Amino acid sequence: MSKKLIDFVAKHFADEVLDSHSRLGNDTVVLKRDRLPEIVERLRDDESTAMNMLRAITSVDYLNRIPRFEVVYVLYSISKKHMLTLRVVVEEEDCTAPSIHHLYGAAGWMEREVWDMYGVEFDGHPDLRRVLLYEEFEGHPLRKDYAKQASQPRLDLLVRERDSVEEFNVFYKSKPSEGSRDS
Amino acid sequence: MGNVTVKNVDRIKQTLWEKSYIPEILRGLSVTTSHFFRNLNPNKEKRTIFTREYPEVITEYPERYRGLHRLMLRDDGQVRCVACMCCSTICPADCIHIEAGEHDDPTIEKYPTVFVIDELRCIVCGLCVEACPCDAIRMDSGRHIPPSLERDEAFFDRDLLMELGGLSEAKQGGQR
Amino acid sequence: MGLEHQLPEVLTTRLESAVGWARKHSLFQYPFATACCGMEYMATASSRYDIARFGAEIPRFSPRQADLLWVVGTVNHKLAPFLRRIYEQMAEPKWVMAFGVCASTGGFYDNYATVQGIDKIIPVDCYIPGCPPRPEQVIDGLLALQSKIQAEPWMKYAYEEKAKRRAEMERSGNPLFTPIDGQET
Amino acid sequence: MAEDIYQPLDQDIHTEPMILQMGPSHPATHGTVRFTLTLDGEKVIKCDTEVGYLHRGFEKECENSTWTQVFPYTDRLNYVSPLLNNFGYALAVERLLEIEVPERCNWIRTIMGEISRLSDHLTCVGAGGLELGAMTAFLYALEGRELVWDLIEEVTGARLTVSYGRIGGVKDDLTEDFADRWAYTRGRLQEIHANTHKLLTRNRIFLDRMQGTGVLTPEMGISYGYTGPVLRSTGVDYDVRKDHPYFMYGEVDFDVPVGDTGDNYDRYLVRMEEITQSIRIIDQCLERMEPGPVNSDDPRVVLPEKEKVYNSIEGMINHFKIIFEGIQVPPGEVYSYTEAGNGELGFYIVSNGTGKPWKIHVRSPSLIMMGGLHHLIEGGLLADIIPTFDTINMIGGECDK
């Protein structure tokens with residue numbers, strides 16, 4: 001895999017690059033946050049890169065690491081058939097990243113999803129609503145410190161906490177005790 | 001090496017005759033009536049009736065079909081399971097509940113005093129069968145899990161699962 | 001009712017079984033299809049398994065015209081109010097079928113998003129296990145429900161029993177049967 | 001003069017757009033999705049799509065499972081073609097582990113993947129027919145799907161949620177009489193394909209509903225991240241199988257059908273043509289594959305054979321380690337992508353070197369397509385939503401994760 005794309009970013013935005021590597025067929029550049037839209041726009045419009053498709057935006061929560069979050073952008077060029085992964089570091093206290101919704105249509109919903117799941121705010125996004133969860137939901141479920149089973153019912157439901165051991169016990173107590181067959 | 005070509009799909013242009021609906025109605029009717037008459041063929045072999053008459057004619061499931069669990073038995077008719085917890089660990093749905101007990105027979109270390117599968121949580125993935133190190137649990141009973149009218153009816157306990165089980169032929173314990 | 005008290009016992013039981021028979025063979029269903037099980041629901045309804053053989057072929061996409069609610073697939077907390085509302089819109093007598101493990105118990109989705117079984121929102125009459133259930137399982141479940149409907153007392157007790165059950169549940173503080181605020185059913 | 005008479009009347013009629021909620025449980029949206037439509041008469045001015053009614057916490061569940069336990073969850077992403085998801089995920093983890101699978105495994109994955117694609121496209125075409133009133137086409141397509149599922153069940157043991165892929169291989173080899181069974185199924189499928197063509201492709205009612213509705217331009221498609229048959233219908237020949245061959249797609253001949261207008265009818269035609277191509281790929285694979293092992297021989301990832309587990313202490317220990325601790329995947333991250341039924345299915349996987357994934361992100365084609373759906377709907381008629389939504393082929397499990 002050639003490192004053409006990494007070199008391109010390093011050449012034009014040397015100050016922004018924190019780290020870069022090419023591993024397992026993925027070229028990755030770790031960037032500072034603030035000039036991201038500029039870099040992405042350059043990558044999209046320059047003829048030698050022509051990254052015209054945004055494949056995915058996601059975030060990774062490295063709990064107990066500073067900076068805690070990383071927002072990952074996967075760019076692809078349909079004509080040149082090459083791919084570049086940009087990783088942007090985001091602090092926990094200032095959990096924002098610049099929005100690139102004006103560059104790619106797809107970014108609008110992807111950023112909404114990252115906001116929904118990780119709580120990373122995107123500056124300049126016109127419609128930053130929850131997309132998969134509902135408005136009443138508090139917190140961001142894919143953060144590592146959000147408990148897996150902490151549900152927030154919309155109805156005032158009878159919510160039985162699931163406890164499989166207890167379920168089995170209830171089942172067993174309801175039956176007369178029976179001697180095991182083979183002992 | 002493969003040869004991959006890009007080709008355009010042909011969009012059809014309707015003729016005036018086709019726009020009049022008539023040929024398409026006829027064509028559609030020809031398809032459906034040909035199905036109809038084929039199934040009226042006096043030679044029953046040539047009919048292609050697709051419907052299964054399920055409750056009257058029981059469907060035979062393929063050999064690999066994952067259905068109701070069964071617990072396999074040893075030669076002496078006791079359960080093979082040694083309560084190693086592999087199946088309940090790998091189960092993504094967490095639907096197997098095992099409590100281990102000491103066995104009187106010194107050659108057998110442990111056996112399950114309680115072995116319950118919540119069939120209403122089981123997602124029939126078959127990971128438990130792969131995880132079992134002693135061929136004790138299988139899902140090839142050739143039966144599907146029966147529906148239940150009450151939640152509690154779906155807990156299948158050890159004795160029920162053993163009734164379905166057969167003798168396991170797996171030999172264990174080296175050349176012993 | 002009232003007429004049934006005038007009738008001799010033999011006649012009412014006859015009538016009861018006739019009504020049960022009529023009901024169980026004319027189930028108008030509302031498929032609340034959300035997830036994977038919807039694919040098997042399609043398979044059950046189409047040519048190979050042909051659920052029409054059991055008098056349950058017509059899906060009514062209006063809850064007011066349906067009397068059997070199939071909850072086909074996972075219900076999450078975002079969708080739960082809608083399911084509850086659909087259930088409340090259905091006219092009595094009504095039955096609910098939990099289709100697949102997700103609807104029955106939540107299956108292996110044991111997390112913040114999913115409801116751990118629709119029986120926490122609405123009462124369920126029949127649970128069909130399997131993820132997703134084979135059409136054979138669905139037919140078995142339908143037959144089980146049909147025999148339940150047949151056995152259900154109609155003239156003497158059905159409504160009184162249900163009303164009693166509701167009142168009891170409300171008294172015991174179970175919010176299962178209290179209507180949602182500000183919602184007409 | 002006539003204009004003068006009517007002008008004041010026009011001003012007097014007070015009209016305002018109507019807001020209509022469509023969904024989340026609507027018969028035409030075969031999935032749970034909600035449109036908030038602003039209507040001017042029958043024309044859609046604005047469409048706000050709301051998804052998430054099937055959000056099941058896929059990513060959270062994966063983070064709490066071992067690498068092997070993720071397979072059942074991937075089955076339920078795109079539940080019409082679960083095998084493609086299985087193999088896509090397996091490929092991603094294998095890239096991270098840097099292991100190669102045996103050749104026969106790759107052939108099997110190609111065959112089973114294409115069989116799954118058949119089921120996906122048949123469902124889409126059939127359901128499209130149903131929603132436009134062509135019930136017969138639906139019944140025929142589902143007949144084809146049942147035949148395909150019979151094959152899948154023979155091999156995997158389940159009709160729909162197969163959990164057949166494994167890291168470093170597949171669960172089981174093909175059955176011995178698979179080629180014969182395929183020969184039968186193939187004949188029936190081609191008959192069904194021909195019948196569907198006869199019923200739909202030149203039918204005027206169908207054409208009137210499909211042609212010129214839900215038009216997508218190539219620029220819009222690329223910008224909104226559309227992939228798969230929907231993007232190909234606009235004339236962009238992007239297909240992961242062609243551009244970045246994986247498994248055995250580099251070894252077989254097939255055509256990538258592309259459309260030129262990007263309307264619903266093109267999407268339908270592309271899917272119909274892909275059914276033919278999938279059949280062609282399977283034929284070639286079955287002809288060329290050779291016997292051999294189906295699982296990698298790497299003891300880190302593949303469970304030892306049952307014989308060894310029963311009879312040797314090393315086998316037993318290895319077995320227990322994989323079951324209890326999970327497969328140990330070296331730290332790192334990878335973005336791996338395959339062509340699923342609806343488009344590019346990407347997995348962005350981060351491992352911290354333990355038996356459980358630190359993060360699994362799915363680039364699900366449906367969710368991304370739903371993000372741009374309002375462009376296809378706005379400006380059209382209310383009734384056009386139904387064919388558009390169908391040919392987009394949004395699958396709830398994949399869209400909402």
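Nothing here was measured: the structure is a model prediction, and the numbers come from that model. Reckoned from all heavy atoms, side chains included, excluding hydrogens, waters and symmetry mates. Note on naming: letters A, B, ... go to the chains in the order of the sequence lines (proteins, then strands), and numbering restarts at 1 for each one.
With a 4.5 angstrom heavy-atom cutoff, D:E273 touches chain B only via side-chain atoms. Residue contact with chain D, scored on non-hydrogen atoms closer than 4.5 Å, involves the backbone and the side chain of B:I90 alike. Neither the backbone nor the side chain of D:L200 comes within contact range of chain B; no heavy atoms are under 4.5 Å apart. Of the two parts of D:L269, the backbone and the side chain both hold a non-hydrogen atom closer than 4.5 Å to a non-hydrogen atom of chain B. Contact of D:D266 with chain B is made through backbone and side chain together, with heavy-atom distances under 4.5 Å. Contact of D:P257 with chain B is made through backbone and side chain together, with heavy-atom distances under 4.5 Å. For D:S65, no part lies near chain B; criterion is any non-hydrogen pair under 4.5 Å. Contacts of B:Y21 with chain D are made by side-chain atoms alone, with heavy-atom separations under 4.5 Å and no backbone atom involved. Proximity to chain D (any heavy atom under 4.5 Å) is restricted, for B:R27, to the side chain, taken from C-beta onward. If you measure heavy-atom distances from D:D243 to chain B, you find no contacts under 4.5 Å at all.
Annotation for D:H319 and B:A131: closest pair NE2-O, 2.6 Å, computed over non-hydrogen atoms. When all heavy atoms of B:P133 and D:M316 are compared, the closest pair comes out as CB-SD, 4.0 Å. Pairing each heavy atom of D:F320 with each of B:C84, the nearest pair is CZ-CB, 3.9 Å. Residues B:R64 and D:V155 come closest through the heavy atom pair NH1-O, 2.7 Å.
Note on D:S233, D:G157, D:A158, D:A137: by heavy-atom pairs under 4.5 Å with chain B, the leading option is D:G157. For the set D:R232, D:Q211, D:Q284, the count of heavy-atom pairs under 4.5 angstrom toward chain B peaks at D:Q211. Of the residues considered (B:E63, B:M85, B:E24), B:E24 shows the highest number of contacts with chain D, using heavy-atom pairs under 4.5 Å. Listed options D:I323, D:D150, D:T175, D:N203 were ranked by heavy-atom pairs under 4.5 angstrom with chain B; first place goes to D:I323. Of all the listed residues (D:E143, D:R76, D:K198, D:R241), the one sharing the greatest number of non-hydrogen pairs under 4.5 Å with chain B is D:E143. For the set B:V31, B:T32, B:I123, the entry with the most heavy-atom pairs within less than 4.5 Å of chain D is B:V31. Options D:M248, D:R159, D:K171, D:R188 differ in how many heavy-atom pairs under 4.5 Å they form with chain B, and the most are formed by D:K171. For chain B, the option among D:I313, D:T201, D:D208, D:T261 with the highest count of heavy-atom pairs below 4.5 Å is D:T261.
No donor-acceptor pair under 3.5 Å is formed between the side chain of B:T89 and the backbone N or O of D:F324.
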| message | Using the rule given for side chain to side chain contact (heavy atoms under 4.5 Å, CB included), can you reason through B:L127 versus D:T68, listing the C-alpha separation, both sets of side-chain angles and the distance that settles it, and then say yes or no? | response | CA-CA 9 Å; B:L127 288 178; D:T68 315; 4.3 Å; yes
| request: Apply side chain to side chain contact (heavy atoms under 4.5 Å, CB included) to the pair D:K242 and B:V6, showing each step before the final yes or no. | output: CA-CA 9 Å; D:K242 168 174 82 69; B:V6 176; 3.9 Å; yes
| query | Should D:S163 and B:R66 be marked as a side chain to side chain contact (heavy atoms under 4.5 Å, CB included) after you check the CA-CA gap, both sets of side-chain angles, and the distance that decides it? | reply | CA-CA 11 Å; D:S163 72; B:R66 297 194 294 268; 3.7 Å; yes
| task | Step by step, work out the side chain to side chain contact (heavy atoms under 4.5 Å, CB included) result for B:V124 and D:T161. | result | CA-CA 8 Å; B:V124 223; D:T161 47; over 6 Å; no
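Between B:R38 and D:E191, at least one side-chain nitrogen of the basic residue sits less than 4.0 Å from a carboxylate oxygen of the acidic one, meeting the salt-bridge criterion. Using a 4.0 Å cut-off between charged nitrogen and carboxylate oxygen, B:E130 and D:R166 count as a salt-bridge pair.
In this structure, CD in D:E154 is found 13.5 Å from OH in B:Y65, a value given to the nearest 0.5 Å. For the atom pair CG (D:D253) and OG1 (B:T5), the distance works out to 8.0 Å, reported to the nearest 0.5 Å. Here the straight-line distance linking atom CD of D:Q69 with atom SG of B:C125 works out to 8.5 Å at 0.5 Å rounding.
By the side chain to side chain contact (heavy atoms under 4.5 Å, CB included) test, D:T156 pairs with D:L83, D:M112, D:I152, D:V162, D:Y164, sequence neighbours left out.
By the 6.0 Å contact criterion, CD on D:E176 is open, its count of non-hydrogen atoms from other residues, nucleotides or ligands being 12 or less.
Inter-residue side-chain proximity for B:K19 and D:R204 is flagged as met; some heavy-atom pair is nearer than 4.5 Å.
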